[in-house]
Structures are given as structure tokens and as C-alpha cells.
Amino acid sequence: MKMGSKKANWAFLATILCYIGVLFLVAKFFPSFAENLFWSNLICEIVIVLPIFICILASGENFISFLGFHKMRFTSVLMTGLFTFLSVPMLTVLNLFSQFWVENTVASSMESMNAGQMPFGLLFLSVGIIAPVFEEAACRGAYYHSYRTSGRTFGAMIMSALIFALVHMNFNQASYAFGMGILSVLLLEVTGSLWSCILYHSLINGSQIMLLYGAFKVNPNVYSEQAGAITADFLLYGIGIYLVLAAVTLPLAWAVLVWISINEGRQGALSCFLPKMARRNSTLPDGVEKKDKIVSVPFVLALILCIGMMTGIFYLIVEKIIQIAA
């Protein structure tokens with residue numbers, strides 16, 4: 001049986017269950033790994049890719065072809081860098097907006113784990129290379145292409161972006177990860193290559209790590225010392241400034257996508273996300289409607305577990321169960 005939405009949803013549920021199990025096991029039996037940024041990140045990335053990769057292999061798909069590891073023109077690679085630069089203002093808006101309710105998770109995690117004391121090469125390998133390769137292979141490669149077999153291209157984009165947001169397990173990263181997920185799918189469609197998504201993700205993560213690493217190298221407590229300055233007014237001003245920038249850069253980013261699609265000989269690749277074309281893509285060539293639903297019970301269960309983890313409700317329930325059992 002070929003890979004599709006149902007298997008993808010079961011794989012996502014398995015991923016979340018494995019994540020929860022591994023999280024508690026590592027915290028209890030390998031606390032040194034849990035407190036080390038490199039090893040904790042590596043363990044999380046392995047958990048993200050393993051269930052969905054097993055499903056792909058069990059389905060008999062051509063692994064490399066299914067994920068989308070295809071060649072792309074060097075000029076498209078360069079334009080992907082420009083697209084990345086133009087997308088940053090919008091992602092920054094989402095990041096700042098989330099901080100009305102939650103802290104900057106990446107900055108606080110790097111501070112708590114003394115990331116400024118790590119060798120920069122090791123930190124960049126973890127966040128700038130391993131994370132983009134693993135996460136893009138899973139979310140834009142495996143999940144997106146699995147959901148796309150349903151014929152619902154727009155729905156596949158939303159689902160893969162949502163999974164990408166949820167696997168970060170915190171609301172701050174989830175906010176801009178969802179935006180990244182949408183933009184990455186558009187990039188994937190115009191290039192036809194997963195390498196473009198990996199490059200895009202790596203450039204975003206790498207630039208963020210370079211800035212934060214430099215700040216923590218100078219002052220290991222820089223985030224906690226300046227956290228009080230991040231007021232509602234500060235966030236509003238920041239959002240206002242970056243919204244103005246995004247209003248200019250997003251149309252330019254779209255123009256870059258169109259240019260890449262022409263350069264790669266994939267003219268009209270973006271039209272499949274337009275409502276009229278999306279409805280046309282929802283049917284088989286012979287006109288028979290596909291029966292493969294994108295959302296199913298396993299996905300809903302995984303979503304509930306993710307929200308429980310992100311809000312802390314899951315931990316409270318587990319503590320209560322332990323207290324009752326004791």
C-alpha cells in the first residue's frame with residue numbers, strides 16, 4: 001500500500017507518543033543528555049524523522065524520490081538566499097506577536113544550557129544543519145508529499161506546516177515555524193527540490209544562532225537581564241516596524257518564487273494553491289473524487305497531546321496520576 005494521509009497521521013501520532021516517552025526516559029535516566037543542547041536536539045530530531053521514515057520504507061516508496069531530493073539550478077540556489085532574506089520580516093512579526101504571551105524559547109533555552117560556552121561549530125551543526133535536514137526531510141519531504149497524494153495541495157501545505165509547528169512543542173517557535181512551513185512548501189513547489197527547503201531552513205536557523213551566540217558569548221545572562229525590557233509597547237513598536245517591512249518584502253518574495261519557477265521550468269507551480277486550481281486538483285484524472293481524508297482520528301489525538309504538552313496540562317495530569325498511585 002502506497003504512502004498516504006492515513007499513514008502520515010498514524011506516523012505523526014507515533015512521533016508524539018515517542019517524543020513524550022523519550023522525554024521522560026532521558027530526563028530520568030540520562031539527565032546529562034537532557035541538559036546538553038547538542039544531544040537533546042539530536043534526540044528530538046531522530047524522534048521526529050524515525051516513525052514517518054519507517055512508514056515510507058514499509059510502503060515500498062522510492063525513498064529519495066518520494067522525499068524530493070532532486071537537483072536544482074545554481075541560480076535558483078542563489079535566489080533561494082534572496083527569498084530567505086525577504087521572508088525574515090514576516091517571520092519576525094510572528095515571533096514578536098507570540099511574545100505577548102510566551103517567552104523567546106530559543107533565547108531562554110540557549111541561556112539555560114550555557115550555549116555561549118559551547119564550540120560554535122558544534123552549535124551550528126546542531127541547529128543550522130542537523131535540524132534543517134531532519135525537519136525538512138520529515139515535514140516538507142515525507143508529510144507534505146504523503147498528504148499531497150490526497151489531491152488536496154492546499155490542505156497538504158497546511159497540514160505539513162502545522163506538524164512542523166507542533167513538533168517544536170512550544171508556542172513561541174510554533175508561531176513562526178507555521179509561517180516557515182507555508183513558505184517552505186511554496187519554495188518546494190517552484191524548485192521541485194527538497195534541497196531548497198533545507199537551504200532556506202538552514203539560513204534562517206544559522207543567522208539566528210550566529211546573532212544569539214555572539215550575544216551570549218559577550219554576556220551569558222543577556223536574555224534574562226533584558227527580558228524585563230520586552231514590554232507590550234516594545235513588542236507593538238517592533239511589530240509595527242516589521243509589518244511595514246513585510247508589506248514591502250513579501251510581494252518581492254512572491255516575485256522571486258515566480259522567477260525561480262520559470263528558471264526551473266515549473267511555470268504555474270504556484271497556481272495549484274489558488275482556490276479554483278485547488279478544487280481542480282482534488283479530483284483524479286478520470287473525475288473520480290479521492291476518498292483519502294487528510295484529517296483523521298490519529299492526527300486529532302496527536303494534536304490534543306501536543307497542546308497538552310505545550311500548555312503544561314499534560315505534565316499536571318501525569319503528576320496527579322503519580323500522586324494518586326503513590
Side-chain angles (χ1 to χ4, degrees), residues 1-26 41-71 129-169 177 181 184-185 188-189 191-198 201 272 281-286 288-306 309:
M1 182 179 178
K2 294 295 184 179
M3 192 67 189
S5 301
K6 291 180 181 178
K7 286 188 177 181
N9 287 336
W10 279 109
F12 181 49
L13 177 59
T15 296
I16 301 307
L17 292 173
C18 288
Y19 180 92
I20 293 171
V22 169
L23 184 69
F24 282 99
L25 287 174
V26 171
N41 278 353
L42 182 59
I43 291 170
C44 288
E45 300 301 337
I46 292 173
V47 170
I48 288 171
V49 301
L50 198 56
I52 187 69
F53 281 15
I54 290 174
C55 282
I56 293 174
L57 292 174
S59 299
E61 300 283 359
N62 184 309
F63 196 76
I64 300 299
S65 177
F66 185 79
L67 294 182
F69 282 108
H70 306 303
K71 293 180 181 179
I129 297 178
I130 293 176
V133 171
F134 279 50
E135 291 171 14
E136 292 305 317
C139 297
R140 249 65 62 191
Y143 283 111
Y144 174 67
H145 287 121
S146 296
Y147 290 122
R148 206 180 190 285
T149 61
S150 69
R152 300 173 177 88
T153 310
F154 183 81
M157 176 177 67
I158 297 300
M159 289 290 285
S160 63
L162 182 57
I163 287 176
F164 181 54
L166 292 172
V167 294
H168 285 84
M169 288 295 180
S184 292
V185 167
L188 174 63
E189 285 295 335
T191 61
S193 174
L194 187 65
W195 290 116
S196 63
C197 302
I198 292 173
H201 194 160
C272 64
N281 287 340
S282 66
T283 57
L284 287 165
D286 60 2
V288 179
E289 191 77 16
K290 293 215 174 202
K291 301 298 183 181
D292 191 14
K293 294 182 179 180
I294 290 182
V295 178
S296 58
V297 173
F299 179 83
V300 175
L301 291 175
L303 178 63
I304 293 171
L305 286 172
C306 285
M309 292 283 288

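Each residue takes its place number in the sequence, starting with 1.
Looking only at side-chain heavy atoms (C-beta outward), L67 and F53 come within less than 4.5 Å of each other. The shortest side-chain heavy-atom distance between I20 and M169 does not fall under the 4.5 Å cut-off. Residues L188 and M157 are not in side-chain contact: their nearest non-hydrogen atoms beyond the backbone lie 4.5 Å or more apart. Proximity of F299 to I294: side-chain heavy atoms (C-beta onward) are nowhere separated by under 4.5 Å. Side chains of E135 and S184 form no contact here, defined as non-hydrogen atoms less than 4.5 Å apart. The closest side-chain heavy-atom distance from L13 to L305 is below 4.5 Å. No side-chain heavy atom of K71 sits under 4.5 Å from any side-chain heavy atom of S193. With contacts defined as side-chain heavy-atom distances shorter than 4.5 Å, the pair M309/L23 qualifies.
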Side chain to side chain contact (heavy atoms under 4.5 Å, CB included) between C18 and L50: does it pass, once the steps are laid out?
-> CA-CA 10 Å; C18 288; L50 198 56; over 6 Å; no

R152 and Y147: CA distance, side-chain angles, deciding distance, side chain to side chain contact (heavy atoms under 4.5 Å, CB included) verdict = CA-CA 7 Å; R152 300 173 177 88; Y147 290 122; over 6 Å; no

Start with the C-alpha gap between F164 and V185, add the side-chain angles, then the distance that decides, and say whether side chain to side chain contact (heavy atoms under 4.5 Å, CB included) holds.
-> CA-CA 11 Å; F164 181 54; V185 167; over 6 Å; no

Just do the side chain to side chain contact (heavy atoms under 4.5 Å, CB included) check on V295 and M159 with the steps written out, would you?
-> CA-CA 8 Å; V295 178; M159 289 290 285; 3.9 Å; yes

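The side-chain contact (heavy atoms from CB on, under 4.5 Å) test with F134 singles out one residue from I46, I198, N41, and that residue is I46. Among I48, L303, L166, the one residue that satisfies the side-chain contact (heavy atoms from CB on, under 4.5 Å) test with F12 is L166.
Between the side chains of T149 and K2, not a single donor N or O lies within less than 3.5 Å of an accepting N or O. For R140 and Y144, the side-chain atoms include no donor-acceptor pair closer than 3.5 Å.
When all heavy atoms of P51 and A11 are compared, the closest pair comes out as CB-O, 3.6 Å. Residues P298 and N9 come closest through the heavy atom pair CB-O, 3.7 Å. When every heavy atom of L194 is checked against every heavy atom of G141, the shortest pair comes out as CD1-N, 3.7 Å. Among all heavy-atom pairs drawn from I52 and A8, the shortest one is CD1-CA, 4.1 Å.
Interatomic distance, NZ of K7 versus OG of S296, reported as 13.5 Å (0.5 Å rounding). Between the CG atom in L25 and the CD1 atom in I43 there is a gap of 10.5 Å [rounded to 0.5 Å]. Atom OG of S150 and atom NZ of K6 lie 12.0 Å apart (nearest 0.5 Å).
You'll find the ring centres of F69 and F63 outside the 6.0 Å limit.
Between the E61 side chain and the M3 main chain, a donor and an acceptor come within less than 3.5 Å of each other. Judged purely by atom type and a 3.5 angstrom limit, H201 has no side-chain atom pairing as donor or acceptor with the backbone of C197.
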